[in-house]
Every structure is written in structure tokens, then in C-alpha cells.
Amino acid sequence: MHAHEAGQIARISCGHCHITRHYKPIELREVVGNVTIDQVRGKIRCQACGKREWMSAELFHAYGQELVTIRFRRLKEIRWEKRVIWRDE
């Protein structure tokens, strides 16, 4: 059973910036792939400071007042960039 089907929420935090964001697991899976929550930590980077080593990730169930106050970070679009790399010969 996937975390989204179980009603879980992904909480990802940066220990350096002290920023915490909440994600729907199904959208997070679309970006980082079908990996465990422990593997998500190694695949993400803080958008504020750019550091990867301070990241933490966990799945949890939210109940009552906490569920109402959570603001989710939703996936808007995935954009692939084309970059040109030159080589001198």
C-alpha cells in the first residue's frame, strides 16, 4: 500500500534554514520516483539554502486541528530544460 492510499502526509524539513514543508506523497512520488521516505532525503535539496545534508523527511498521519492548518506544497508543473554544452577541439 502506498503512503497516499494510507492517508499519510510527507513532512520535509531543512535543519539549516528551519523550514518545514508538507507534500502529498503521490505528487512527491511523481518528482523523485517510487522510493522509500528514507531515500527521499538523499534526492532533495532545500530551495532556500541549496544544502542537501541538512534535509529530513518523514511520513505521518495528521488528525484534527493539525490537518486543518497544514498548507501543502502542490506540484504545478515539471519543466525539463535543454542546455547546450560546448567542447573545444
Side-chain angles (χ1 to χ4, degrees):
M1 178 181 287
H2 188 262
H4 180 74
E5 296 166 357
Q8 293 180 319
I9 297 170
R11 178 185 295 145
I12 299 179
S13 305
C14 177
H16 186 260
C17 299
H18 303 291
I19 293 176
T20 301
R21 295 204 166 100
H22 298 91
Y23 298 87
K24 302 239 181 205
I26 197 137
E27 293 177 354
L28 202 56
R29 181 173 69 174
E30 197 171 327
V31 175
V32 296
N34 192 14
V35 296
T36 65
I37 195 67
D38 293 328
Q39 293 170 327
V40 168
R41 264 187 309 182
K43 293 183 175 270
I44 57 175
R45 177 182 305 272
C46 179
Q47 288 184 334
C49 68
K51 297 189 185 301
R52 181 175 286 179
E53 59 272 3
W54 294 87
M55 300 304 290
S56 66
E58 66 178 344
L59 290 173
F60 71 100
H61 289 279
Y63 298 104
Q65 185 65 29
E66 184 183 19
L67 185 59
V68 176
T69 59
I70 289 177
R71 290 185 56 199
F72 286 98
R73 191 152 214 217
R74 302 301 304 265
L75 180 62
K76 182 178 176 182
E77 66 180 319
I78 297 175
R79 191 179 302 171
W80 296 97
E81 294 181 7
K82 185 176 182 179
R83 293 184 185 191
V84 178
I85 301 172
W86 295 95
R87 175 179 85 214
D88 290 328
E89 291 185 1

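What you find for Ile12 and Met55 is that their closest heavy atoms are CG2-CE, 3.6 Å. Contact between Arg41 and Ala57 at its shortest, heavy atoms only, is CG-N, 3.6 Å. The two atoms that bring Tyr23 and Phe72 nearest to each other are C-CD2, 3.9 Å, heavy atoms only. The shortest non-hydrogen separation linking Arg52 to Gly42 is CD-O, 3.7 Å. Of all heavy-atom pairs spanning Cys49 and Cys46, the tightest one is N-SG, 3.5 Å. Minimum heavy-atom separation, Leu28 to Ala10: CD2-CB, 3.8 Å.
Note on residues 16-28: pairs passing salt bridge (Lys or Arg N to Asp or Glu O under 4.0 Å), not counting sequence neighbours, are Glu27-Arg74.
Under the 4.5 Å side-chain heavy-atom criterion for ILVMFWY residues, a single connected hydrophobic cluster contains both Trp80 and Ile44. Grouping the Ile, Leu, Val, Met, Phe, Trp and Tyr side chains by contacts below 4.5 angstrom, directly or via other members, places Val31 with Ile37.
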Q: Determine, stepwise, if the pair Glu81 / Arg79 fulfils salt bridge (Lys or Arg N to Asp or Glu O under 4.0 Å).
A: CA-CA 6 Å; Glu81 294 181 7; Arg79 191 179 302 171; over 6 Å; no
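The side-chain contact (heavy atoms from CB on, under 4.5 Å) check on Ala62 picks up Ile9, Phe60, Glu66, Leu67, Ile70, with sequence neighbours excluded. Residues passing the side-chain contact (heavy atoms from CB on, under 4.5 Å) test with Glu30 are Leu75, Ile78, sequence neighbours excluded.
A donor-acceptor pair is defined here as one N or O able to donate and one able to accept, closer than 3.5 Å; such a pair exists between the side chain of Arg45 and the backbone of Gly50.
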